[in-house]
Protein chains: 2
Amino acid sequence: MMQSETASIQVLTTVDVVVLTLVDGVLSVVLVQRERAPFAGVWALPGGYIHAQEDADAHASAARVLRSKAGIEDAYLEQLATFSGPARDPRGWSVAISYCALIPQQKLPTPRQGLKMVPVAATGQLPFDHGQILQAALARVRSKSQYSSLPVHFFGESFTLPQLQQVYESILGEPLNKVSFRRKMDELGMLEPVPGQMQAGGAHRPAQLHRVRPEFRQQLALSARGL
Amino acid sequence: MMQSETASIQVLTTVDVVVLTLVDGVLSVVLVQRERAPFAGVWALPGGYIHAQEDADAHASAARVLRSKAGIEDAYLEQLATFSGPARDPRGWSVAISYCALIPQQKLPTPRQGLKMVPVAATGQLPFDHGQILQAALARVRSKSQYSSLPVHFFGESFTLPQLQQVYESILGEPLNKVSFRRKMDELGMLEPVPGQMQAGGAHRPAQLHRVRPEFRQQLALSARGL
DNA sequence: CAAATAGTGTCTGTAAGACAATATATG
DNA sequence: CATATATTGTCTTACAGACACTATTTG
């Protein structure tokens, strides 16, 4: 009954990161061009091996991969799920701890060779099981946007409530009631107006700029009943 | 910038399973006594290495561990989160893909040497980071019980609505409105009365037995607005 | 002032909870 | 029939969405 307690075949341990951002209001994912086999030259999610010598945990591995392969720092990063099996990577039985990162467009690195942002609906076929990982990330973001402040991580320092509502609507794929949305944001208590600042713009009343209160910077605000 | 793409230090890949059940209405966790170092003789969550030779994925590893180390079959099983780092296991840098299992008391194996059920509040200190994994499982179950049918997996074939409500209340730690609870269960549409059967019992009206509709057996029913 | 969008007040419908009446067992 | 719990009906309250009104900017 009790089998040997040694892992007799090496299991590859990797991290893959789904970096999401809004490019002109369109939910997009960061892809990098793979430099080596398997799938050399193919566009894929940024990923790589865990480096046991230097990584404090898989979260640190994901942050390192993000920095070294996509030039991204300071993204909001949360663990998604872990994918595994003998077939997902042609090199052998592998474990991929996947992470989801949200980052404002302004924090993206300058576009360069081997790095691009693609609307999530237009990635085409992705190597490994990266298509499945991307779908898991989208499901997570849509689900969490229904009851939490997750989408604020798509913005930088400050933003207006109409902008924020547009992002929620874009992610959820449905229009939201303006009054209810503002009531909810008020109840969550995570935003504060940036004193005196308004957004310049068109021939109309300018909107008040808001920012996330410091105590919510690295933490999500959750709503009991959604929105 | 681009570092070597080989995992130069072996990473241990394991699964750990938090098996939850209700023992006389008290939420309890299955612990097994470890047979070998590290922590030989200590009570811990059932866990073990991934066996790349035989496991189709980590989910299969978890099911195998459950069968071989705790004698449990056919539990509801879902992935929880993945814990990792150099310190959580004294053998070295390790990855533990954790799973949460729910099982009715009747399906538990006959108690035997090296296997016990402990109320979740009374486990005491657990080895590795199993305390943290247990807390993640409890948070998951409580969270999902607020808006899904997750707790039905604590029951076997059939159960009454008052029994089910008691379980929800026990998990959530607060009393629920009887009328609202029944309205919600009705809306979810996942239960059906077992024709003609009632539960025998005390000196009072017996409750109608219900069961999960076949199409919801391996899938949770989700509510839009909670409960 | 006309146009355009921001922000707010208020009404209405829906859904959740309180309360209570009815139903059906046992002794 | 007294008692105990199951089940259902109905009233009340709270909240979400619809609608419309006010506010503030540019040209």
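Model, not experiment: these values are computed from the prediction. Every chain is numbered from 1, with letters handed out A, B, ... down the list of sequences.
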Atom CD of B:Q199 and atom C1' of C:dT26: how far apart are they, to the nearest Å? 15 Å
Would you say the side-chain atoms of B:R140 pair up with the backbone N or O of B:L80, donor to acceptor, closer than 3.5 Å? yes
Per the side chain to side chain donor-acceptor pair (under 3.5 Å) rule, which among B:T13, B:T14, B:D55 passes with B:S61? B:D55
By nearest nucleotide on DNA chain C, pick out whichever of B:V179 and B:E187 is the more 5' one. B:E187
What's the closest nucleotide to the A:S180 side chain, out of D:dG17, C:dG17, D:dT7? D:dG17
Name the residue closer to the 5' end of DNA chain C, choosing between A:H210 and A:R183 according to the nucleotide with the nearest heavy atom. A:H210
Whole angstrom is fine here: how far is it from CZ in B:F159 over to C1' in D:dA6? 16 Å
Summary of ring-ring contact (aromatic ring centres under 6.0 Å, His included) pairs that have at least one residue in residues 95-124 of chain A, sequence neighbours excluded: A:H59-A:Y99
Is it the case that the side chains of B:T21 and B:S28 hold a donor-acceptor pair, with the cut-off being a distance below 3.5 Å and no angle test? no
Starting from C1' on D:dT7, measure out to CZ on B:F181 and report it in whole angstrom. 14 Å
In this structure, how many angstroms lie between the C1' atom of D:dA16 and the CG atom of A:L188, rounded? 15 Å
By nearest heavy atom, map A:H204 and B:P162 onto DNA chain D; which one lands nearer the 5' end? B:P162
Between D:dT7, D:dT24, D:dG17, which nucleotide gets closest to the side-chain atoms of A:P206? D:dT24
Do A:N177 and D:dA18 have a side chain to base donor-acceptor pair shorter than 3.5 Å? yes
For A:R205 and C:dT5, what is the distance between atoms CZ and P respectively, to the nearest whole Å? 14 Å
Output the rounded distance in Å from CE (A:M185) to C1' (C:dG7). 16 Å
Between C1' on C:dA25 and CE on B:M198, what's the gap in Å once rounded to a whole number? 10 Å
Classify the side chain of A:K178 versus the base of C:dG7 as yes if they form a donor-acceptor pair under 3.5 Å and no if they do not. yes
Mind checking the CD-NZ spacing from A:E78 to A:K144? Nearest 0.5 Å is all I need. 3.5 Å
From CZ of A:R182 over to C1' of D:dT22, roughly how many Å is that when rounded to an integer? 14 Å
